[in-house]
Amino acid sequence: SRLDKARNRFFAKFSNESTSTSGTATQQAPPTDPYAHLSQEERTAHGDQHKNKGNTLLQENKFAEAIHEYDVAISYVPNAIYYANRGYAYQKLNNHQKAIEDCQTALKYDPKYTKAYLRLGQSYIQLR
C-alpha cells in the first residue's frame, strides 16, 4: 500500500531500516518476569496506572520521573503507547537518540501508530 511504501522510504532515508508490514511484534514475558502471577487484565490495569502517572508527570514537566513511570508500565505489559510516551519524555530531555529507539520499538508493536512516527521524525530532525 502507499502507507507501506512511504514508511519504507522514511526508514531507508533516516535509519537504513524498514518496518515489517506483517503486523505487530510478539509480546513475550522475560524469563524472570516478576508479574507472571498476574492475569493479563491485571497487568494491563497496573501498566495503565503507571502510564497515567507518567502522563501527569509530563504535564508537570517532570520528565525523568515520567520516564520511570513509563519504565514500570512497560515492565507490566510492553506496548506502542508506553514506548512512544517514554520517547516523548526523552525528547523533552533532549535525549533524541533514546527517543528514536523508543519510537522504533513502539512501531514494532504497532506499525500504524501515528504518534510514534511523528515523534520519530521530530527526533531525527533534532539530530541533524
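FYI, the numbering just counts along the sequence from 1. The figures here come from the full heavy-atom set of this structure, side chains too, leaving out hydrogens, waters and symmetry mates.
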query: Do Leu58 and Val72 sit in the same hydrophobic cluster, where Ile, Leu, Val, Met, Phe, Trp and Tyr count as joined when their side-chain heavy atoms come under 4.5 Å apart?
result: no
- prompt: When rounded to the nearest 0.5 angstrom, what distance separates OG1 in Thr44 from OH in Tyr76?
  reply: 11.5 Å
- request: Mark yes when over 12 heavy atoms from residues, nucleotides or ligands other than His68 sit less than 6.0 Å from its NE2; otherwise mark no.
  value: no
field: Side chain proximity check, Tyr70 to Leu57, heavy atoms < 4.5 angstrom
entry: no
- request: Measure from the side-chain N and O atoms of Arg119 to the backbone N and O of Cys103, and report whether any donor-acceptor pair falls under 3.5 Å.
  value: no
query: Roughly how far apart are Ile74 CD1 and Thr105 OG1, rounded to 0.5 Å?
result: 8.5 Å
query: Is Tyr88 reachable from Tyr90 through a run of hydrophobic residues whose side-chain heavy atoms are each under 4.5 Å from the next?
result: yes
query: What is the minimum heavy-atom distance between Ala80 and Asp110, and which atoms define it?
result: CB-CB, 3.7 Å
query: Is it true that Leu107 and Leu127 fall in one hydrophobic cluster, defined by side-chain heavy atoms closer than 4.5 Å?
result: yes
- request: Answer yes or no: is there a side-chain heavy-atom contact under 4.5 Å between Tyr113 and Leu118?
  value: no
query: Any side-chain heavy-atom pair from Val77 and Glu42 closer than 4.5 angstrom?
result: no
task: Kindly compute the distance separating OH (Tyr109) from CD (Gln104), expressed to the nearest 0.5 Å.
output: 14.0 Å
task: List the atom of Ala66, the atom of Gly54, and the distance in Å for their closest heavy-atom pair.
output: CB-O, 3.5 Å
Atom pair CD/CD of Gln91 and Gln122 - distance to nearest 0.5 Å: 5.0 Å
- prompt: How about Arg86 and Tyr82: do any of their side-chain heavy atoms sit closer than 4.5 Å?
  reply: no
- prompt: What distance separates Glu69 CD from Gln49 CD, expressed to the nearest 0.5 Å?
  reply: 10.0 Å
- request: Could you pull out the closest heavy-atom pair between Ala106 and Ala116, with the gap in Å?
  value: CB-CB, 4.0 Å
task: Enter the distance from Ile81:CD1 to Asp48:CG here, rounded to the nearest 0.5 Å.
output: 8.0 Å
- prompt: Is the shortest heavy-atom distance from the side chain of Arg43 to the side chain of Asp33 under 4.5 Å?
  reply: yes
- prompt: Between Ala89 and Ile67, which heavy-atom pair has the shortest distance, and what is it?
  reply: CB-CG1, 3.5 Å
query: Taking all atoms of both residues into account, what is the closest heavy-atom pair of Ser123 and His96, and its distance?
result: OG-ND1, 3.1 Å
